[in-house]
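Note on naming: letters A, B, ... go to the chains in the order of the sequence lines (proteins, then strands), and numbering restarts at 1 for each one. Values below: every heavy atom of this structure, side chains too, minus hydrogens, waters and symmetry copies.
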Number of protein chains: 2
Amino acid sequence: MAMSVPLPQKDGRMSEKNKQQGLVTEGCESEEFQRLALDSHLCFAIYKANHAFNRFYKPLMKELGITYPQYITLLALLEKDGQRVSDLGETLFLESNTLTPLLKRLEEMGLVKRKRSAKDERQVIISLTAQGRALGQGICEVQRCAVDGLEMSMDDVQHLVRELNRVQEMLVKAGR
Amino acid sequence: MAMSVPLPQKDGRMSEKNKQQGLVTEGCESEEFQRLALDSHLCFAIYKANHAFNRFYKPLMKELGITYPQYITLLALLEKDGQRVSDLGETLFLESNTLTPLLKRLEEMGLVKRKRSAKDERQVIISLTAQGRALGQGICEVQRCAVDGLEMSMDDVQHLVRELNRVQEMLVKAGR
DNA sequence: AGCGATTAAATCGTTTGCGATATAAATACG
DNA sequence: CGTATTTATATCGCAAACGATTTAATCGCT
């Protein structure tokens with residue numbers, strides 16, 4: 001989600017009431033506040049873009065009978081099949097507490113198989129069924145819609161992806 | 001408690017089919033696949049960055065005793081107090097089904113008041129309590145941490161925000 | 001004024017996300 | 001060996017997101 005939220009305001013000024021109520025921390029008119037505000041916008045911009053992807057994909061997902069996280073999970077499996085739950089978790093930044101129920105639903109839908117590894121009975125290997133792989137074709141359709149809708153050059157998209165990954169890595173690094 | 005026997009624990013041998021199971025969907029080597037892959041990368045990069053912001057803020061939020069969505073809601077109220085539920089929803093891209101329970105929790109914590117409008121009994125006006133406003137002081141601290149962690153120039157951030165907003169707008173436009 | 005349509009919030013059911021904990025298998029070590 | 005520790009997954013409980021529906025108040029139209 002996001003930080004300081006750019007409210008849809010008619011006039012961008014703070015009301016007198018807000019000012020005297022101390023609703024805004026002192027020193028937020030400073031130059032540093034500009035950076036803080038920008039950060040807020042970045043955070044919120046990412047939240048909004050993610051939300052927009054969610055909403056955009058949802059009706060297309062619905063036709064395929066899956067949800068957005070399920071779609072992301074299938075994408076990860078399309079790239080590399082036969083992963084362990086923890087591998088998927090590393091890719092998707094999720095853990096078994098989230099993935100196990102999700103994968104069980106995908107299994108019930110007949111899209112993936114869940115099977116204990118023979119070498120290490122603790123591990124569960126997730127692999128796509130024929131049906132799950134077939135759904136991948138539909139996913140390519142979905143993506144075609146998305147790409148057409150975006151109307152961005154490949155270079156622009158590539159640059160954007162790099163910047164986002166940079167932000168993500170910095171946040172991970174800073175969070176330790 | 002037993003693991004609810006989700007999977008056979010003892011006879012689990014990996015089939016040959018599983019071992020050799022292919023990793024890439026057929027027919028995705030084309031030039032078009034490049035674009036499709038990029039799209040999924042963009043979608044995934046936004047997903048990752050959003051997760052990273054979430055994880056980064058969580059420990060800071062915990063010190064304030066609130067969750068991330070609650071924090072954002074308070075931020076929106078700090079910028080403009082006394083909003084209706086639907087105003088908050090417009091800002092945050094949420095609706096009453098999500099906001100009502102969240103606001104009730106904030107009310108129980110003594111951070112906001114919920115009051116039916118006298119003019120229109122359908123509307124509920126949300127306003128910060130003194131305690132809720134006081135919590136706003138800690139919020140600038142949180143933002144400062146975020147900015148320091150990012151280590152990005154204002155120009156880079158600004159450009160990224162513009163690109164993300166562009167993507168968001170295009171997705172909204174394309175989704176109709 | 002009367003009544004159907006619209007609007008705002010709340011409620012319900014399902015999925016997701018996550019911290020904390022439990023369970024079972026594998027590993028380390030004494 | 002056998003037992004303590006670690007590892008992988010699963011379970012539990014709560015918060016959140018959201019589609020669908022409900023309830024109550026207001027609006028619009030005749």
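Taking only side-chain nitrogens and oxygens, A:Ser86 comes nearer than 4.0 Å to OP1 or OP2 of D:dT9. For B:Lys119 and C:dA8, the shortest distance from a side-chain N or O to OP1 or OP2 is not below 4.0 Å. Proximity of A:Ser96 to the phosphate of D:dT11: no side-chain N or O atom is located under 4.0 Å from OP1 or OP2.
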Grab the N/O contacts between the protein and nucleotides 15-18 of chain C below 3.5 Å, and write none if there aren't any.
unit_1	atom_1	unit_2	atom_2	d
C:dT16	OP1	A:Thr67	OG1	2.5
C:dT16	OP1	A:Gln70	NE2	3.2
C:dT16	OP2	A:Arg105	NH1	2.2

Shorter than 3.5 Å, N or O on both sides, protein versus nucleotides 2-7 of chain D: list them out with atom names.
unit_1	atom_1	unit_2	atom_2	d
D:dT7	O4'	A:Arg122	NH1	3.4
D:dT7	O2	A:Arg122	NH1	2.9

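For the pair B:Leu99 CG and D:dA17 C1', the computed distance is 10 Å after rounding to whole Å. As rounded to whole Å, 15 Å separates atom C1' of D:dC18 from atom CG of B:Leu92. One atom, CG of B:Asp120, and another, P of C:dA10, lie 13 Å apart when rounded to the nearest Å. Summarising the geometry, the separation between CD on B:Glu108 and C1' on D:dC14 is reported as 13 Å, rounded to the nearest angstrom. In this structure, the NZ atom of A:Lys62 is 7 Å from the C1' atom of D:dG19, given to the nearest Å. If you measure from atom CG of B:Leu103 to atom P of D:dA15, you get 14 Å, rounded to the nearest angstrom. Rounded to an integer number of Å, the gap from A:Arg116 CZ to D:dA8 P is 12 Å. Atom NZ of A:Lys115 is separated from atom C1' of D:dA8 by 18 Å (rounded to the nearest Å).
The only member of A:Thr129, A:Leu128, A:Leu64, A:Leu78 that meets side-chain contact (heavy atoms from CB on, under 4.5 Å) when paired with A:Leu135 is A:Leu64.
Out of C:dA10, D:dT9, D:dA25, the shortest distance to the side chain of A:Val85 is found at D:dT9.
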Do any side-chain atoms of residues 97-107 of chain B form donor-acceptor pairs under 3.5 angstrom with protein atoms, and if so which ones, sequence neighbours left out?
unit_1	atom_1	unit_2	atom_2	d
B:Thr100	OG1	B:Ser96	O	2.9
B:Glu107	OE1	B:Arg114	NH1	3.1

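Of the possible donor and acceptor atoms, none in the side chain of B:Asn54 sits under 3.5 Å from a partner among the backbone N and O of B:His51.
Using a 4.5 Å cut-off on side-chain heavy atoms (C-beta onward), A:Val167 and B:Met152 make contact. Counting heavy atoms from C-beta outward, B:Leu88 and B:Leu94 have side chains that stay 4.5 Å or more apart.
With respect to the salt-bridge test (charged N to carboxylate O, under 4.0 angstrom), the residues B:Asp156 and A:Arg166 qualify. Taking 4.0 Å as the cut-off between side-chain N and carboxylate O, B:Lys80 and B:Asp87 do not count as a salt-bridged pair.
You'll find the ring centres of B:Phe53 and B:Phe56 outside the 6.0 Å limit.
Between B:Tyr57 and B:Tyr68, the two ring planes are parallel [angle under 30°; tilted spans 30° to 60°].
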